[in-house]
Amino acid sequence: MRLSRYFLPTLKENPNEAQIVSHRLMLRTGMIRQSSAGIYTWLPLGLRVLRRIEQIVREEQDAAGCHELLMPTIQPAELWKESGRYDAYGPEMLRILDRHQREMLYGPTNEELITEIFRGTVKSYRQLPKLLYHIQWKFRDEIRPRFGVMRGREFLMKDSYSFDLDQAGAIRAYNTMFVCYLRTFQRMGLTAIPMRAETGPIGGNLSHEFVIVADTGESEIAYHRDFEKIDWIGSDIDFEGDLQPLVDQFTTKYAATDEQRDAAAEAALGEDLVTGRGIEVGHIFYFGTKYSKPLGATVTGPDGEPVAVEMGSYGIGVSRLVAAVIEASHDDAGIIWPDSVAPFAVGLINLKPDDAASSELCERLYTALTAAGHEVLYDDRAERPGVKFSEMDLIGLPQQVIVGPRGAKAGTVELKVRRSGEREELPVEAALARFGA
RNA sequence: CGGAGCGUGGCGCAGUCUGGCAGCGCACUAGACUGGGGGUCUAGGGGUCGCCGGUUCGAAUCCGGCCGCUCCGACCA
């Protein structure tokens, strides 16, 4: 992508409304623009990151045996009256009347809808278990939206739903998602600690939040020091095997948020207790027959009798994750994207587009890097070097390739690693070899 | 919803108290100089001062109402 043709409206100064670093940086790098309170437009750079995170979530869901579908954003009120949540949800749910005065709502979550789909299609225990998910925009009319996309009213969420014949099956599904989540966040370069959580209006009795440690988090958290050094899981998980030992490894140590915290347990930990703040990026629930019973989601069991299915739901805040990654990975100059979610892999800086040798070399690098499968943002603008350096650091692409007249003449380029700040001058061929080009 | 604050050009702000030509920095346009960490100089363009009403010879400024945004609190991925 040539920056001269791209849409990247960066800001030199901090917008007044942004208080936390991720919000400031998302505005300054031209990733998002606010439309109204808690509602944002995703500009090209931000959308790229959102899509990459979404794709990681999708791939890990698929790997865990979840099947993607897509439910609508607008739902009929009727279904929610059936489950009893139409009144329970309160003003946080955005209610809409269509032209026929039919009561509709912009979905804050999808348990009712997925259960309706399930009850109309799955009739026998032989068709179980099922794990379904979708990635869709949700709306919750938060009392006080804040921190940019961290706590917006409109947000992109992945929500999965499990259907099993019995509790043992449901717990198995719960464990599957538990491990899937560990892998998902790990791939984004995040350390997410699973914490015992309250179940909230979604309901149920087995629940964990996945929390990223960050000073700007909204939850008070406390956890065992061992979580900082626990062996992180590999990519070769057998989801068909017994996941309980792995889950136990992450759930036996103390870790809790807010109301779930236990003063006695924390006192017992002594020096091993770590407290701080965290950002909740995922939440998993087992809630049994809470929805299947009122909504009539039953299957015929082995004995010919109807059985209400055991369910769980599993959410990941996809749009929130964009902000969470920034909170976890930035410095004074700007964002530092982990490779896995970076909007572009390489930033190519042409320090002097007027210089024929520089521009020819840049064109060659741009073509070769692109051909080798790297996404390159090429700063070919007629700007001063300082502007280019600053903006490239600000938007935080992991690798920078810097070309100037001196190097172009000598046949060298400079490579800079954004995270470490390390710079290295190399012959062109050697630099290309680094990128497998 | 309670408490606090803000709304003046694309962004950041001054001016409001004490009514009298709408300003500054950045950004933008043109030219010159410059050229490895958000340059310098010159000349420009751009604003119904959030909206509605009132007071006044005269309102960004005073008064009333409304709207929007931000922060703190209770609620949430």
Side-chain angles (χ1 to χ4, degrees), chain A residues 9-20 23-24 27-28 30 33-39 57 89-93 107-110 135-160 181 192 197-202 207-212 217-219 257-259 278-285 313-324 332-334 349-355 358 379 381-394 400 402-408 413-414 416 421 423 425:
Chain A
T10 58
L11 301 173
K12 201 164 167 179
E13 293 174 84
N14 281 322
N16 190 8
E17 78 247 31
Q19 301 299 317
I20 63 167
H23 190 191
R24 281 205 299 266
L27 289 167
R28 285 193 56 201
R33 276 294 150 87
Q34 178 164 307
S35 170
S36 59
I39 301 177
V57 170
Y89 227 93
E92 196 173 286
M93 183 155 70
T109 178
N110 286 65
I135 300 173
Q136 178 64 290
W137 292 92
K138 307 280 192 292
F139 193 93
R140 293 183 192 171
D141 201 354
E142 296 287 341
I143 293 168
R144 184 152 86 88
R146 59 182 132 175
F147 303 152
V149 300
M150 187 82 83
R151 194 186 310 181
R153 291 194 291 174
E154 187 182 59
F155 56 98
L156 187 62
M157 180 176 173
K158 185 286 300 176
D159 41 322
S160 313
Y181 275 30
E198 60 181 326
T199 52
I202 308 265
S207 175
H208 283 88
E209 287 179 355
F210 288 75
V211 176
I212 289 162
E218 74 248 286
S219 309
T257 70
D258 297 324
E259 294 81 359
I279 302 167
E280 185 188 343
V281 290
H283 205 155
I284 61 179
F285 303 90
S313 76
Y314 316 89
I316 289 180
V318 176
S319 47
R320 164 179 287 193
L321 270 168
V322 178
D332 289 344
I349 299 180
N350 186 350
L351 287 177
K352 194 170 166 70
D354 290 348
D355 182 71
S358 295
D379 191 347
R381 298 172 304 166
E383 290 290 344
R384 301 182 60 82
V387 172
K388 299 189 173 195
F389 287 131
S390 300
E391 287 199 359
M392 199 55 84
D393 284 349
L394 180 67
Q400 296 177 11
I402 301 161
V403 176
R406 287 201 306 266
V413 299
E414 192 171 315
K416 176 179 162 184
R423 299 153 162 277
E425 188 144 347

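Small disclaimer: the values here were computed from a predicted structure and weren't measured. Lettering follows sequence order; numbering is per chain, from 1.
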Enumerate all atom pairs, one protein N or O and one N or O from nucleotides 33-35 of chain B, separated by less than 3.5 Å.
residue	atom	partner	partner atom	Å
B/U34	O2	A/Arg384	NH1	2.7

Write down the protein N/O and nucleotide N/O pairs, taken from nucleotides 3-10 of chain B, whose separation is under 3.5 Å; answer none if there are no such pairs.
none

Distances under 3.5 Å between nitrogen or oxygen atoms of protein and nucleotides 73-75 of chain B:
residue	atom	partner	partner atom	Å
B/C75	N4	A/Arg146	NH2	3.4
B/C75	N4	A/Arg151	NH1	2.9

Give every pair of a protein N or O atom and an N or O atom of nucleotides 41-47 of chain B that lie under 3.5 Å apart, one pair per line with the distance.
none

For nucleotides 67-69 of chain B, give me every protein contact, N/O to N/O, under 3.5 Å, one pair per line with atom names.
residue	atom	partner	partner atom	Å
B/C69	OP1	A/Ala37	N	2.8
B/C69	O3'	A/Gln34	NE2	3.2

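We find the NZ-CZ distance between A/Lys388 and A/Arg381 to be 6.5 Å, quoted to the nearest 0.5 Å. To the nearest 0.5 Å, the span separating CD1 on A/Ile284 from OG on A/Ser160 amounts to 10.0 Å. Interatomic distance, A/Arg28 CZ to A/Leu11 CG, rounded to the nearest 0.5 Å: 7.5 Å. The line from CZ of A/Arg146 to CD of A/Glu218 is 8.5 Å long, rounded to the nearest 0.5 Å.
Whole-Å rounding puts the A/Ile279 CD1 to B/C76 C1' distance at 15 Å. If you take CZ of A/Arg24 and P of B/C71, they are 12 Å apart, rounded to a whole angstrom. Put simply, OH on A/Tyr314 is 16 Å from P on B/A77, counting in whole angstrom units. Rounded to an integer number of Å, the gap from CG of A/Leu394 to P of B/A27 is 15 Å. We find that CG of A/Asp141 is positioned 11 Å from P of B/C1, with the value rounded to whole Å. Atom P of nucleotide B/C26 and atom CZ of A/Arg28 are separated by 16 Å, given to the nearest angstrom. Residue A/Ile135 contributes atom CD1, which lies 14 Å from atom C1' of B/A77 at whole-angstrom precision. Note: CG (A/Asp332) to P (B/G38) measures 16 Å, nearest angstrom.
B/G2 and B/C13 have their C1' atoms separated by 31 Å, with the value rounded to a whole Å. Nucleotides B/C62 and B/C26 have their C1' atoms positioned 33 Å apart, rounded to a whole Å. B/G5 and B/U40 have their C1' atoms separated by 39 Å, with the value rounded to a whole Å. B/U48 and B/C1 have their P atoms separated by 32 Å, given to the nearest Å. Rounded to the nearest Å, the gap between the P atom of B/C72 and that of B/G36 is 43 Å. Distance noted for atom P between B/C17 and B/A4: 22 Å (whole Å). Taking atom P on both nucleotides, B/C49 is separated from B/A30 by 30 Å, rounded to a whole Å. B/G15 and B/A22 are spaced 9 Å apart, taking the C1' atom of each and rounding to whole Å.
Side-chain contact, A/Lys12 with A/Thr10: no donor N or O sits under 3.5 Å from an acceptor N or O.
Within the nucleic acid shown, A/Gly315 has no heavy atom closer than 4.0 Å to any nucleic acid atom.
Here A/Gln400 pairs with A/Ile349, A/Met392, A/Asp393, A/Ile402, A/Lys416, A/Arg418 under the side-chain contact (heavy atoms from CB on, under 4.5 Å) rule; sequence neighbours left out.
Nucleotide B/G20 forms a Watson-Crick or G-U wobble pair with B/C57, both donor-acceptor distances falling under 3.5 Å.
In this structure, A/Glu425 does not pair ionically with A/Arg406, as no charged nitrogen and carboxylate oxygen lie closer than 4.0 Å.
Not one side-chain nitrogen or oxygen of A/Lys12 sits closer than 4.0 Å to the OP1 or OP2 atom of B/G38.
Per the stacking criterion (ring centres < 5.5 Å, plane angle < 30°), A/Phe389 does not stack onto the base of B/G36.
When distances run from any side-chain atom of A/Phe147 to the nucleotides B/C72, B/A77, B/G36, the shortest one goes to B/C72.
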